[in-house]
Amino acid sequence: MKRTLLTIALFFVIAGSARAQDFDYGQISAEDLKMTSYAKDTSAHAVVLQEFGKSRINVDNNDDLKLFFEYHVRIKIFDSKGFDEATAEIKLRNSSDKQETDDVDGITGATYFLAASGEIKHVDFDRSKVYTTRDYKEQSTLKFTMPALTNGCIIEYKYTLTSPLGLSLDHFHPWNFQSDIPKVYSEYEALIPGHFTYNAALHGYLKLTKTDAQIDKGCFSTHGASSDCSDIKYGMSDIPAFTEEDYMTSSKNYISSITFDIVEFTNPYTGVKVKETKEWGDIDNSLKSDEDFGGQLKRTSVFKDRMVPVIAGATTDIDKAKAVYAYIQHNFKWDDYIGFSCYLGVKKAYEGHTGSIGDINISLIDALNSAGINTEAVLLSTRDNGFVNPLYPAINDFNYVIAKANIGDKSYFLDATDPLLPFGMLPYKCLNGKGRAYMPGTPSYWVDLNVPEKEISTRNLDLTLQDDGKLKGTLIIYSIGYQAYETRAAIKKFNSLDEYVEDFGSSLPKLKILKSEITNSDSLDSPVVEKYEVEFKVIDKSGAGKYSFNPFFFSKITTNPLKGAERHYPVDMGMPGDYRTILTIHLPAGYKVDSPPQNTSLFLTNNGGRFITDYQADNNTFTFSHIIQFSKAVYAPEEYTSVKEFFNKIIQSEKSEMVIEKK
């Protein structure tokens, strides 16, 4: 991720005044309505014609400090695949005590289209068609959709988001220049009183086409305190869409945007200067004083007596830790609330056998510590939440907490919110760089969240060609590590193993399952083993015993997941992978393999992975094996072309057909 520091103090000593560069509402041209495609991206289903945002710190009618964010956008929609752009989603935050909340007002919008007469018509947005849903304890989402959508229409809307400065001081409202559709022009204006100093950082690889800074004299006044404001405008033209591909973390890590981090401010009510650039020690103190986090990490007494029977009979610390982990894992149900703080509190969550991420995993930490296992909390940001910025410590960058059990010279990351996760394995969503380990009374520190677990799958097929031209025999699938987790999760979606087997068989139309046996589906520390007696149909092309089939029976890659010509962010798979298939076929006397598959050896640079196929024949039996290995979890942007071509070669190789015929 490219991150350019634009300025240290956003208070410029440039004389003059500045005016907002918002565009006129409702001024829609017939030319834009007649446009059928965007010349710079003819594949786009919609394009932002104009976009303007403005943020300013000021006081409201009650003389309370607020951050006011105004947003205005005009979007051309070419076809129905662009209709999603007509739905706006606005994240609303609130403090844990709900005393401070974001508020949206002034929503105005319309959909414009050309009538048969050539006249420009419009349908206004109905302000009653706004609804809000709760995401978790401290965040909701407000949504609304523009009306009367048709191919070729233009939508336009604007609104104002008002935030208490207590929720927004650390991070002045950011701005995304890029989105999932291209933009003709996007501009953002930041109006910041001289009482406040921020660092601004430009992210992504695109360059600004406009930067303008001026002084707005006397723009801020409250309680007798006044100051000029720095008025900074950032503009960008001809912005390509940000394309999300497989194997990436949150787009917010890489999208072209600008963010602001507080350095210091002078309280306009008291005149006291406050240095807000925090050290991690400041974060530690905040966490310690937070009753919903630091206070709950001290509630080991809730579990002290309750853990005695749980660890009875365990002779080692690792056995004790596994027993406690299993107990918490199976006695709590996650209520779908995400966040590192407790929502209910450890005691109440235990009594109700349910809770948030924070409730369950802090309960796990307390329970382990009460059992004599040294355990710390690890704060992290999930893959969809973006990376934590280590340069500007901020509690709000984190949205998840896990346990770190320290046993001997090893540490184990634990998350008890998922009953299918084995001891020491993190969910895929948590594999996101680094986390911050914390316990009250000790300094926090960074820990690497990369885990040794891999995604491993091995399939063994032993088949015999029958007189009727069918291949009959056994299929054994071994799933290890993250692949075992995925298999267990797939099984849990069904009411029984029989239903899972039926669905598995229907996903392979040429395969018929005659008998099945699945072991270790509930033994989280063991590989899942699936054993099937199977029958495959193969194609007799000649009608005279000449059979053709593709030997890549399972997980055949038909489409390259990497589609872009280039990529400015890493290929992040989360964990290394190892996928193997060994196919053994016994032929009746008088048959031969007419066109055996070619042996292949493909390697990624820097030992990044390999694709190997191997064909061996012995009398009337042959064995064909293929291996796909990704030995790294993350590949740098400069490795993108190599990894993409690696997939292309695998796809080409897996198209090969094998022919068996009579001698």
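Here the structure is a predicted model, which is why all the values come from computation and not from measurement.
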In the structure I gave you, are the side-chain heavy atoms of I402 and L414 within less than 4.5 Å of one another anywhere?
no
By side-chain hydrogen bond (donor to acceptor under 3.5 Å, both in side chains), which residues pair with R74, not counting sequence neighbours?
Q50, E156
With sequence neighbours left out, the residues meeting side chain to side chain contact (heavy atoms under 4.5 Å, CB included) with V48 are E51, V73, I75, I181, K183
Aromatic ring proximity, centroids under 6.0 angstrom, F293 and Y438:
yes
Hey, does R580 have a side-chain heavy atom less than 4.5 Å from the side chain of D578?
yes
So K322 and L524, do their side chains get closer than 4.5 Å, heavy atoms only?
no
May I ask you to test the Y569-M248 pair for a side-chain heavy-atom distance under 4.5 Å?
yes
Backbone N or O of A636 within a donor-acceptor pair of the E639 side chain at under 3.5 Å?
yes
Can you tell me if N450 uses its side chain to pair, donor with acceptor, with the backbone of G433 under 3.5 Å?
no
Using a strict threshold of under 4.0 Å (side-chain N to carboxylate O), is an ion pair present between D102 and R93?
yes
With sequence neighbours excluded, what pairs up with R567 under the salt bridge (charged side-chain N to carboxylate O under 4.0 Å, His left out) test?
E245
Under a 3.5 Å cutoff, is there a donor and acceptor pairing between the side chains of D359 and S356?
yes
For a ring-ring contact (aromatic ring centres under 6.0 Å, His included) check, start with the C-alpha distance between H568 and Y254, then their side-chain angles and the critical distance, and finish with the verdict.
CA-CA 8 Å; H568 299 278; Y254 315 111; over 10 Å; no
In terms of side-chain geometry, is the basic nitrogen of K563 or D246 positioned less than 4.0 Å from the acidic oxygen of its partner?
no
With side chains defined as the heavy atoms from C-beta onward, is the minimum distance between S363 and F332 less than 4.5 Å?
yes
Ring-plane angle category for W175 and F177, please: parallel below 30°, perpendicular beyond 60°, tilted otherwise.
perpendicular
Correct closest heavy-atom pair for P576 and E453 would be CD-O, 4.1 Å
Do K333 and D335 sit within salt-bridge range, that is, some charged N less than 4.0 Å from a carboxylate O?
no
Which residues satisfy the side-chain hydrogen bond (donor to acceptor under 3.5 Å, both in side chains) test with K404, sequence neighbours excluded?
E376, N406, S411, Y445
Salt bridge K143-E89, side-chain N to carboxylate O under 4.0 Å
yes
When you compare the side chain of N176 with that of Y188, does any pair of heavy atoms fall below 4.5 Å?
no
Residue pair L421 / Y485, side-chain heavy-atom distance below 4.5 Å
yes
Taking the six-membered ring for Trp and the full ring for Phe, Tyr or His, determine whether the centres of Y615 and F624 are under 6.0 Å apart.
no
Test side-chain contact (heavy atoms from CB on, under 4.5 Å) on I476 and R459; report intermediate values, then the result.
CA-CA 6 Å; I476 304 176; R459 298 179 175 90; over 6 Å; no
Within 45 degrees of the axis of the six-membered ring of Y428 and under 6.0 Å from its centre: does R383 put its NZ or CZ there?
yes
For a ring-ring contact (aromatic ring centres under 6.0 Å, His included) check, start with the C-alpha distance between F611 and F647, then their side-chain angles and the critical distance, and finish with the verdict.
CA-CA 9 Å; F611 172 64; F647 274 111; over 10 Å; no
Would you tabulate the side-chain donor-acceptor contacts of residues 488-496 under 3.5 Å, counting partners in other chains and residues two or more places apart, or write 'none'?
| unit_1 | atom_1 | unit_2 | atom_2 | d |
| --- | --- | --- | --- | --- |
| R488 | NE | N520 | O | 3.4 |
| R488 | NE | S521 | O | 3.2 |
| R488 | NH2 | N520 | O | 2.9 |
| R488 | NH2 | S523 | O | 2.5 |
| R488 | NH2 | S526 | O | 2.6 |
| S496 | OG | E499 | N | 3.3 |

With a 4.5 Å heavy-atom cut-off, do S381 and F387 have their side chains touching?
no
For the pair H173 and F69, name the ring-plane relationship: parallel under 30°, tilted 30 to 60°, perpendicular over 60°.
parallel
Does one side chain, of S457 or Q483, offer a donor that lies under 3.5 Å from an acceptor on the other?
no
For N460, check side-chain hydrogen bond (donor to acceptor under 3.5 Å, both in side chains) against everything at least two apart and list the hits.
none
Compute the ring centroids of Y325 and F423, then answer whether they are less than 6.0 Å apart.
yes
